[in-house]
Amino acid sequence: MGVTILIVEDEPRLAGILRDYLLQAGMRPHCIGNGLEVVDWVREHQPNLMLLDLMLPGKDGMEVCKEVRTFSDLPIIMVTARVEEIDRLLGLELGADDYICKPFSPREVVARVKAVLRRSAASNLTTPQGLTLDDTRYLARINGCKLDLTAIEYQLLSALARTPGRIFSRDQLMSKIYPDQRTVEDRTIDSHIKKLRKKLSVASAGSDLIHSVYGVGYKYERT
Ligand code: CA
């Protein structure tokens, strides 16, 4: 059972080469040559990763990337023919995970695909309570519903949820979010946690996933 890789590339020869290399690496590639067809296909098949060419007929890669990001967190590697384009793309914060410049060696593409898949597997977490976390994007969802968290709230939630049941003291939480040891008052953590709990509670119909332990600190529920 290999991972499904969507190759969006309008040059059939190039798409064919990528498909062959990904097949050889034990993955399941699928090729699409028109930007207009991508969003529906992604919705229906939920691939594990997408290689997305920038210049496409129908709809360009930037638009496709933005649209896919409105409903999916799948890893995206953008492919562009111009190296100077990459800086511009990075500045746009499209939410792509990596960039590859043409001409590329297919071997390198396979290596990058594997690296991005590994990174995304390591940074993603789904808890039994339906909470999903993506540390590469500071993205948290509960039962599919996106939580609108600040960076600090996200880091607190991630630290707690990755070790369910463990009680963290305020000091320990502070060192997780302020590794440079800046001095922060205890009540600062408390106020972040308070806001975080409120957002969680609203999004999950009142269930309280973070618990305060009197005189000690906080923990994420263990089930
Ligand atoms: Ca193209």
Side-chain angles (χ1 to χ4, degrees), residues 3 46-50 65-66 68-77 90-99 112-223:
V3 290
Q46 302 188 350
N48 300 90
L49 183 144
M50 167 161 71
C65 185
K66 272 193 264 180
V68 167
R69 270 290 168 263
T70 62
F71 66 91
S72 170
D73 306 329
L74 96 148
I76 299 173
I77 302 179
L90 284 171
L92 291 173
E93 293 177 1
L94 293 170
D97 296 81
D98 202 358
Y99 297 86
R112 299 278 276 276
V113 165
K114 285 182 180 169
V116 169
L117 285 172
R118 262 198 311 272
R119 213 164 64 204
S120 108
S123 70
N124 289 345
L125 170 86
T126 302
T127 74
Q129 295 80 27
L131 174 74
T132 63
L133 296 174
D134 176 356
D135 280 0
T136 59
R137 298 196 191 85
Y138 280 20
L139 211 82
R141 287 175 200 272
I142 188 133
N143 302 319
C145 172
K146 193 172 158 186
L147 290 166
D148 188 19
L149 303 180
T150 65
I152 287 176
E153 288 161 5
Y154 180 87
Q155 286 170 287
L156 287 170
L157 178 60
S158 180
L160 290 163
R162 282 173 193 282
T163 328
R166 175 179 159 189
I167 302 167
F168 288 86
S169 69
R170 290 172 179 79
D171 276 349
Q172 287 166 334
L173 289 172
M174 267 189 281
S175 68
K176 291 257 177 202
I177 53 177
Y178 300 108
D180 57 352
Q181 306 289 321
R182 260 190 293 160
T183 323
V184 186
E185 300 272 340
D186 274 9
R187 62 176 178 274
T188 309
I189 289 287
D190 290 342
S191 92
H192 289 302
I193 292 271
K194 194 176 165 193
K195 287 179 199 153
L196 171 61
R197 287 170 87 176
K198 193 167 178 189
K199 289 177 184 178
L200 275 171
S201 166
V202 168
S204 64
S207 68
D208 206 2
L209 299 175
I210 294 172
H211 305 285
S212 56
V213 182
Y214 186 73
V216 190
Y218 296 97
K219 68 171 183 176
Y220 183 89
E221 166 156 281
R222 175 164 201 80
T223 52

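Since this is a predicted model, take the numbers as computed values, not measurements. Residues: numbered from 1 along the sequence shown. FYI, side chains are in, hydrogens and waters are out, and symmetry mates aren't considered; it's all heavy atoms of this structure.
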Side chain to side chain, [X] and [Y], heavy atoms closer than 4.5 Å:
{"X": "Asp73", "Y": "Arg141", "answer": "yes"}
{"X": "Tyr220", "Y": "Arg162", "answer": "no"}
{"X": "Leu156", "Y": "Leu149", "answer": "no"}
{"X": "Ile76", "Y": "Arg69", "answer": "yes"}
{"X": "Asn48", "Y": "Pro75", "answer": "no"}
{"X": "Phe168", "Y": "Leu160", "answer": "yes"}

What distance separates [X] [atom1] from [Y] [atom2], expressed to the nearest 0.5 Å?
{"X": "Gln46", "Y": "Phe71", "atom1": "CD", "atom2": "CZ", "answer": "8.5 Å"}
{"X": "Ile167", "Y": "His211", "atom1": "CD1", "atom2": "NE2", "answer": "11.0 Å"}
{"X": "Gln129", "Y": "Leu209", "atom1": "CD", "atom2": "CG", "answer": "5.5 Å"}
{"X": "Ser212", "Y": "Ile193", "atom1": "OG", "atom2": "CD1", "answer": "9.0 Å"}

Quick one: does [X]'s side chain have a donor or acceptor within less than 3.5 Å of a partner on [Y]'s backbone?
{"X": "Tyr154", "Y": "Asp135", "answer": "yes"}
{"X": "Ser204", "Y": "Leu200", "answer": "yes"}
{"X": "Arg197", "Y": "Ile210", "answer": "yes"}
{"X": "Arg118", "Y": "Val113", "answer": "no"}
{"X": "Arg112", "Y": "Tyr99", "answer": "yes"}

Open item on the list: Working note: Leu133 + Leu157, criterion side chain to side chain contact (heavy atoms under 4.5 Å, CB included); need CA distance, chi angles, decisive distance, verdict.
Closed with: CA-CA 9 Å; Leu133 296 174; Leu157 178 60; 4.0 Å; yes

Task: Member of Val202, Leu131, Thr132, Leu139 meeting the side-chain contact (heavy atoms from CB on, under 4.5 Å) criterion with Leu147 - done: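 The residue from Val202, Leu131, Thr132, Leu139 that satisfies side-chain contact (heavy atoms from CB on, under 4.5 Å) with Leu147 turns out to be Leu131.
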
For [X] and [Y], work out which heavy atoms get closest and say how close.
{"X": "Ile142", "Y": "Ala203", "answer": "CG2-CB, 3.4 Å"}
{"X": "Lys219", "Y": "Val213", "answer": "CG-CG2, 4.1 Å"}
{"X": "Ala159", "Y": "Leu173", "answer": "CB-CD2, 4.4 Å"}
{"X": "Ser123", "Y": "Asp134", "answer": "OG-OD1, 3.5 Å"}

Open item on the list: So that I can tick it off, tell me whether Asp98 and Arg119 are bridged by a salt bridge, with the cut-off set at under 4.0 angstrom between side-chain N and carboxylate O.
Closed with: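 So Arg119 does not pair with Asp98 through a salt bridge.
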
TODO: Decide, yes or no, whether a salt bridge links Asp148 with Lys199 under the criterion of side-chain N to carboxylate O below 4.0 Å.
DONE: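 Lys199 and Asp148: not salt-bridged.
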
- [ ] Apply side chain to side chain contact (heavy atoms under 4.5 Å, CB included) to Thr188 and Met174, showing your working.
- [x] CA-CA 9 Å; Thr188 309; Met174 267 189 281; over 6 Å; no

